Visitor: 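If you scroll down you'll find the structure; I have some questions about it.
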Amino acid sequence: MGVIRKTLSTILAGTAGSVAYLTTTTNLTTPLAADDELWTSKSFVTFNRHQNPTIQDVVWKRLPLSQIRPELRDNEEALATEFCRGAWSGYAYAPQRIIMMLVNRGPKTRDQLFRRQQLAFSKYELGTRFSDHFEVVERTRNSVTVRAGGSPLEPGPRELDGLLVVSAKVDKETGTVDVGLKTAFFNSVERVQDDTKPANFAAELLHRFYARAMVDSGIRRLTR
């Protein structure tokens, strides 16, 4: 029992430390602004056609351009792509990536990305599918929008549908870049008659911690 108690204490202490670190090194904004560009994006209008309530937030961090790899500083598209590579190939997504590779990789998903190296060097072009759970459905000059919530092989409506927008926006006047992960989850199957969200508050909190870790993971790719 002593060993078990000590192990659990170590795990809890490590978790508490991780939460504290991510909370102090990343920023969370929720809800999104009423005029946020996500609401009028092609992806959101298409997939949330019932205009149902959403779980919405953006985790972001502002970095001095001097900390960014020189070859990326003047190219928002390259920054967004590299940030995406870091988020999906890094430590935050590793447990889910391994599980999904073991469960979902097979003949029907042979054209999808599963391995870390694939995610680390993908161009994340429109139509890119990975882990049999994500698909790039929209790209702009400085963002990559990924649909989540189910297999890309079943593109129909989902009870828990979601869009994740990975972005990088450079401000040359201040010499900074804002990188972020914006998310919106919703029920795309049918119109919701009340304000019920697609997941409970506990799941929402876990998602926000996960999103903070994904942003931290993505940043490491930009500054190494």
Side-chain angles (χ1 to χ4, degrees), residues 37-38 41-50 52 54-59 76-168 179-189 198-199 203 206-207 210-211 213-222:
E37 57 193 8
L38 174 64
S41 69
K42 179 180 178 181
S43 298
F44 186 79
V45 172
T46 298
F47 293 114
N48 192 15
R49 64 189 187 283
H50 299 299
N52 282 332
T54 61
I55 293 174
Q56 52 181 278
D57 54 59
V58 57
V59 174
E76 286 186 329
E77 184 176 6
L79 270 167
T81 300
E82 199 69 6
F83 184 49
C84 204
R85 289 169 174 167
W88 298 113
S89 69
Y91 76 89
Y93 183 61
Q96 185 177 356
R97 174 182 58 79
I98 293 170
I99 292 172
M100 289 192 165
M101 181 169 61
L102 294 173
V103 174
N104 296 335
R105 188 167 60 172
K108 292 183 179 180
T109 58
R110 66 181 60 186
D111 63 334
Q112 297 190 29
L113 311 181
F114 284 94
R115 294 185 294 106
R116 179 181 179 278
Q117 285 296 99
Q118 292 177 310
L119 296 169
F121 293 100
S122 172
K123 295 181 180 179
Y124 292 93
E125 298 172 321
L126 196 65
T128 300
R129 297 175 172 182
F130 53 102
S131 300
D132 199 33
H133 194 73
F134 303 99
E135 180 176 8
V136 177
V137 293
E138 189 172 350
R139 283 209 62 146
T140 68
R141 174 177 52 83
N142 54 24
S143 69
V144 180
T145 300
V146 176
R147 189 187 184 197
S151 171
L153 300 178
E154 299 175 358
R158 302 164 181 170
E159 291 186 359
L160 180 59
D161 212 332
L163 295 173
L164 294 78
V165 184
V166 177
S167 65
V179 294
L181 174 60
K182 184 184 303 180
T183 55
F185 293 101
F186 46 87
N187 182 336
S188 61
V189 174
L206 287 173
H207 149 71
Y210 192 15
M214 291 283 283
V215 168
D216 181 68
S217 185
I219 287 172
R220 298 184 184 201
R221 179 88 175 194
L222 302 180

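Below, all heavy atoms of this structure are taken into account, side chains as well, without hydrogens, waters or symmetry copies. It should be emphasised that the depicted structure is a prediction, and the values quoted were computed from it without experimental measurement.
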Visitor: So, does R97 use its side chain to make a donor-acceptor pair with the main chain of G90 at under 3.5 Å?
Guide: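 Absent.
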Visitor: Might you point out which heavy atoms bring V189 and H50 nearest each other, and give the distance in Å?
Guide: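 Shortest heavy-atom contact: O-NE2, 3.4 Å.
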Visitor: Between H207 and D57, is there a side-chain heavy-atom distance shorter than 4.5 Å?
Guide: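 Answer yes - side chains close enough.
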Visitor: Look up atom CG in D161 and atom CZ in R49, then write down how far apart they are to the nearest 0.5 Å.
Guide: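 Interatomic distance, D161 CG to R49 CZ, rounded to 0.5 Å: 9.0 Å.
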Visitor: Could you tell me whether the side chain of D216 reaches within less than 4.5 Å of the side chain of Y91, counting heavy atoms only?
Guide: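 Yes, at least one pair of side-chain atoms sits under 4.5 Å.
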Visitor: Taking H133's backbone N and O only, do any of them form a donor-acceptor pair with S131's side chain (distance below 3.5 Å, no angle check)?
Guide: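 Side chain of S131 to backbone of H133, a donor-acceptor pair under 3.5 Å: no, none is there.
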Visitor: Would you give the length of the straight line joining atom OG1 of T128 to atom CZ of F130, rounded to the nearest 0.5 angstrom?
Guide: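 T128 OG1 to F130 CZ: 8.0 Å, rounded to 0.5 Å.
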Visitor: Quick one: closest heavy-atom pair of S43 and V137, and the distance?
Guide: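 Shortest heavy-atom contact: OG-CG2, 3.5 Å.
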Visitor: Tell me, do V166 and V146 make a side-chain contact under 4.5 Å, heavy atoms counted?
Guide: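 Side-chain contact under 4.5 Å: no.
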Visitor: Is the shortest side-chain heavy-atom distance between V136 and K123 below 4.5 Å?
Guide: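 No. Closest side-chain heavy atoms not under 4.5 Å.
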Visitor: Please check: side-chain N/O of T109 versus main-chain N/O of D132, any donor-acceptor pairing under 3.5 Å?
Guide: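 Side chain of T109 to backbone of D132: no pair is present.
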Visitor: How long is the straight-line distance from NZ of K182 back to OG1 of T145, given to the nearest 0.5 Å?
Guide: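 That separation rounds to 8.5 Å.
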Visitor: Does CD belonging to Q118 count more than 12 external heavy atoms closer than 6.0 Å?
Guide: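 Yes.
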Visitor: Taking the side chain as everything from C-beta on, heavy atoms only, tell me whether V165 gets closer than 4.5 Å to E138.
Guide: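 Answer no - side chains too far apart.
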Visitor: Just checking, is any N or O donor in the side chain of T81 or R139 under 3.5 Å from an acceptor N or O on the other one?
Guide: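 Judged by distance alone, the side chains do pair up.
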Visitor: Is the number of heavy atoms from other residues, nucleotides or ligands within 6.0 Å of CD (E159) greater than 12?
Guide: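 Open: at most 12 neighbouring heavy atoms sit under 6.0 Å from CD of E159.
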Visitor: Is S217 reaching over with its side chain to a backbone N or O of G86, donor-acceptor style, under 3.5 angstrom?
Guide: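 Looks like yes, one N/O pair under 3.5 Å.
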Visitor: Please check: side-chain N/O of R158 versus main-chain N/O of A148, any donor-acceptor pairing under 3.5 Å?
Guide: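 Checking the backbone N and O of A148 against the side chain of R158, a donor-acceptor pair under 3.5 Å is found.
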Visitor: Starting at OG1 of T46, measure out to CG of L163 and round the result to the nearest 0.5 Å.
Guide: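 With rounding to 0.5 Å, OG1 (T46) is 9.5 Å from CG (L163).
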Visitor: Mind listing the closest non-hydrogen atom pair of A184 and L38 along with its distance?
Guide: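 Taking A184 first and L38 second, the nearest heavy atoms are CB-CD2, 3.7 Å.
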Visitor: Apply ring-ring contact (aromatic ring centres under 6.0 Å, His included) to the pair F186 and F47, showing each step before the final yes or no.
Guide: CA-CA 9 Å; F186 46 87; F47 293 114; 7.7 Å; no
Visitor: Any carboxylate oxygen within less than 4.0 angstrom of a Lys/Arg side-chain nitrogen, looking at E135 and R147?
Guide: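 Result for this pair is no, no salt bridge flagged.
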Visitor: Restricting to non-hydrogen atoms, name the atom on A80 and the atom on A168 that form the minimum distance, rounded to 0.1 Å.
Guide: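 Shortest heavy-atom separation between A80 and A168 comes out as N-CB, 3.8 Å.
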Visitor: Grab the two heavy atoms, one from N187 and one from N48, that are nearest each other, plus how far apart they are.
Guide: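 Heavy atoms only, the tightest pair is O-OD1, 4.1 Å.
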Visitor: Verify, without hydrogens or angle tests, whether Y124 (side chain) and L119 (backbone) share a donor-acceptor contact under 3.5 angstrom.
Guide: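 Yes, Y124 side chain to L119 backbone: donor-acceptor pair under 3.5 Å.
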Visitor: Angle between ring planes, F134 versus W88, binned at 30° and 60°: parallel, tilted or perpendicular?
Guide: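 Ring orientation, 0 to 90° scale: tilted.
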Visitor: Nearest heavy-atom pair of L181 and L164: which atoms, and what distance?
Guide: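 What the structure gives for the nearest pair is CD1-CB, 4.0 Å.
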Visitor: If only atom types and distance count, is the side chain of R110 paired as donor or acceptor with the main-chain N or O of P107 below 3.5 Å?
Guide: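 A pair under 3.5 Å: yes.
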Visitor: May I ask you to establish whether R115 and F121 are in a cation-pi arrangement, using a distance under 6.0 Å from NZ or CZ to the six-membered ring centre and at most 45° from the ring axis?
Guide: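 The answer is no; the distance or angle limit is not met.
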Visitor: Is the shortest heavy-atom distance from the side chain of L79 to the side chain of L222 under 4.5 Å?
Guide: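 Yes, their side chains come closer than 4.5 Å.
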Visitor: Would a 4.5 Å heavy-atom cut-off, applied to side chains only, mark L102 and F114 as touching?
Guide: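 A side-chain contact under 4.5 Å is absent here.
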Visitor: One pair to check against side chain to side chain contact (heavy atoms under 4.5 Å, CB included): M100 and Q112. What are the steps and the verdict?
Guide: CA-CA 12 Å; M100 289 192 165; Q112 297 190 29; over 6 Å; no
